Amino acid sequence: MAGFRRDTDKSDESTKTPFLQESTADDVKSSRTSDHASDPGERASPRPFAKDAQLLTCRFKGLLAPVFSCFKDDDSRRSLDVRPINRYAEWLKNQTIAGVVVNGVVGEGPMMRVRERKANAEYWHRAALRHNLLVLIQLGGAPLPDVLSLASHAEELHVSGVIVLPDLFYRPRTVDQLVGYCKHVASRCRTRPFLYYHLPAMTGVNLDMVEFCAKAERAIPNFMGLHYSSGDLEMGQRCLRLGRVILLGSTALLASGLMSGFSCCSLAVINIRPDLVRRICDAFDANELQRVRDTQRELNQLIEIHTQLSTNLEKWVSSMKSWLNKEFTSRANGPFGAGPARIVF
Ligand SMILES: CC(=O)N[C@@H]([C@@H](O)[C@H](O)[C@H](O)CO)[C@@H](O)CC(=O)C(=O)O
C-alpha cells in the first residue's frame, strides 16, 4: 500500500493528518460504516468488483501528481525522453506524494504516439514500484483501436488504475452511450480499477455524472469512479459515495473540494509546489480555515503569474513546465539537482 508520509522522515508526526496519512486496515473497516456517502442510506453497489472497492478507495487518498512528460530537445522531431523518470518519481515520493497520473492532459498523452505512451507507462510503472507510488495511466484521447491497445497494455503491466477520456470525435451524447464506450475499454483491462475522466471544458462532453456513476457501476465490473475536472462542485459532491474514487482535478477548487468531502486530487501544481498544496490540506485537517483560504489564494495567484492566464492548453502546459524548471534550477534539492534543469521539455 502506498504511504502518504515521507519515507525519509517517518518520525515527523506533523505530516500525520487525516488527508495525508496512510490508510490502515482500521480505516478500511471504519470506512464501511462512515457517513462519507452523501446519502447515508446508500450501500456500496453489489458489482463483483465492489468486494475490493472499499479497500481500493482507501488506497486512492491524498495527492496525485499528473506528471509532465519529458521530451528530447530535438528540433526536427519531438521524442519522449524516459531518462529523468526515475529521479522525478523519487523526488515526488520524497514530497509525500501518493501516486502519479501518466499520459494525462498535463502529460500530453493525447499528443503522443501509441508506442511512446506505452514506453512512458512502462517506465513510470517501474519507477512507481521502486518508490512505492500508485500509478494511474490515462488511456484516452486517441482513436478507439489505440485506446483498446493501451488498455490491454495497462492490464499487462498491472498498473494501479486507468483513467479514460471520452471518445473525442464520436462524442457521446447520452449517458448510455458513454457507459457503452467505457464498458468496451474497461473490458480490455478488467482487473484494473477504471475511472472515467470528466473534463467537459476540453472534451465538450458534459453529461450528468451522478447518473453516469450509477449506471457505470451496474454495467462495468471494474468501474471505480471519476477524475472529476469540472467547476460544478455540487455535481462532484453528489458523486461521492462509499466505495468510489472521485479525484478532484481543479486547483482553484481544492479548498472547497476538501470542505465537500473529496479526499484525493490530481493537480498539475503538485509537481511544482507540493508544499503549498499540502499546506492547504494540513490547515484544513487542523481546522485552520483562514490559513486554508490564504494559502489557496496564494496558490491561485502563483498559477496566474506563471501561466499569464493562458487559456490555450499547449501554452498552458509549457508555461507550467517552465515554472517547474525555474523552481528546480533555484533549488539544490529538486529532482534534477542544482544548476540548469536537466529535463528538457
Ligand atoms: C485539465 C487539466 O489540466 N487539469 C489539471 C489541473 O491541475 C488544472 O490544470 C488546474 O486546475 C488549472 O489551474 C490536472 O487535473 C490534470 C491531470 O490530472 C491530467 O494531467 O490528466
Side-chain angles (χ1 to χ4, degrees), residues 60 62-70 88 92 97-112 117 120-121 124 133-142 147 150 154 159-166 168 194-206 209 225-233 236 245-258 262 264-274 276-278 280-281 295-324 345:
F60 290 94
L63 311 184
L64 299 180
V67 288
F68 293 102
S69 297
C70 311
Y88 192 172
L92 289 172
I97 302 308
V100 292
V101 173
V102 180
N103 295 335
V105 174
V106 160
E108 301 167 83
M111 289 174 61
M112 282 155 66
R117 289 178 70 157
N120 211 21
W124 271 106
L133 290 162
L134 294 169
V135 60
L136 289 129
I137 308 292
Q138 198 289 116
L139 311 173
V147 177
L150 290 165
V159 297
S160 318
V162 300
I163 306 176
V164 182
L165 284 163
L168 299 179
F194 180 98
L195 283 90
Y196 166 65
Y197 202 149
H198 182 56
L199 180 58
M202 284 178 69
T203 63
V205 177
N206 196 2
M209 285 297 107
L226 304 174
H227 183 312
Y228 193 81
S229 292
S230 156
D232 186 346
L233 196 58
V245 174
I246 312 287
L247 305 182
L248 181 69
S250 170
T251 312
L253 291 182
L254 178 58
S256 333
L258 288 167
F262 283 84
C264 191
C265 59
S266 170
L267 308 171
V269 76
I270 290 172
N271 290 285
I272 308 170
R273 292 296 308 266
L276 279 184
V277 176
R278 193 171 324 99
I280 293 174
C281 302
T295 318
Q296 176 77 68
R297 199 170 301 128
E298 184 183 344
L299 191 60
N300 295 349
Q301 280 165 358
L302 277 174
I303 292 174
E304 272 181 34
I305 293 166
H306 286 280
T307 59
Q308 293 161 329
L309 295 173
S310 174
T311 48
N312 170 321
L313 187 78
E314 216 177 320
K315 282 208 192 109
W316 191 87
V317 171
S318 61
S319 309
M320 293 295 273
K321 282 178 162 182
S322 345
W323 180 17
L324 174 102
F345 294 118

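Everything numeric here is computed off the predicted structure, so don't read it as measured data. In listed order, ligands and their atoms are each counted from 1. Sequential numbering from 1 along the given sequence is applied to the chain's residues.
K321 contributes a side-chain N or O that, together with a main-chain N or O of S69, makes up a donor-acceptor pair within less than 3.5 Å. A side-chain donor-acceptor contact under 3.5 Å links Q138 to the backbone of G140.
Looking at Y88 and V100, their side chains never come closer than 4.5 Å, going by heavy atoms from C-beta outward. Looking at V106 and L267, their side chains never come closer than 4.5 Å, going by heavy atoms from C-beta outward.
Between I303 and ligand 1, no N or O atom pair is found at a separation short of 3.5 Å. Residue contacts with ligand 1: V105 is placed with a nitrogen or oxygen under 3.5 Å of a nitrogen or oxygen of the ligand (distance criterion only). At under 3.5 Å, a nitrogen or oxygen of A268, whether backbone or side chain, sits near a nitrogen or oxygen of ligand 1. Considering backbone and side-chain atoms together, Y197 places an N or O closer than 3.5 Å to an N or O of ligand 1. In terms of polar-atom proximity, defined here as any N/O pair under 3.5 Å, W316 makes no such contact with ligand 1.
For atom 20 (O) of ligand 1, the candidate residues are L165, V106, T203; the nearest heavy-atom contact is made by V106.
Which parts of ligand 1 touch S266 is read off a 4.0 Å heavy-atom cut-off, strictly below it: atoms 14 (C), 15 (O), 17 (C), 18 (O). Near L199, meaning under 4.0 Å from one of its heavy atoms, ligand 1 places the atoms 1 (C). Distances below 4.0 Å separate heavy atoms of S250 from the following atoms of ligand 1: 11 (O).
N300 and Q296 are linked by a side-chain donor-acceptor pair at a separation below 3.5 angstrom, with hydrogens and angles left out of the test.
Across M112 and N103, no two heavy atoms sit closer than the pair CE-OD1, 3.7 Å.
With a heavy-atom cut-off of 4.0 Å, H227 touches ligand 1 through its side chain alone. Heavy atoms of I163 found under 4.0 angstrom from ligand 1: none, in either backbone or side chain.
Using cut-offs of 30° and 60° on the angle between ring planes, the pair Y228 and F262 is tilted.
Contact check on E108 versus R117 returns no salt bridge, with no Lys/Arg side-chain nitrogen under 4.0 Å from an Asp/Glu carboxylate oxygen.
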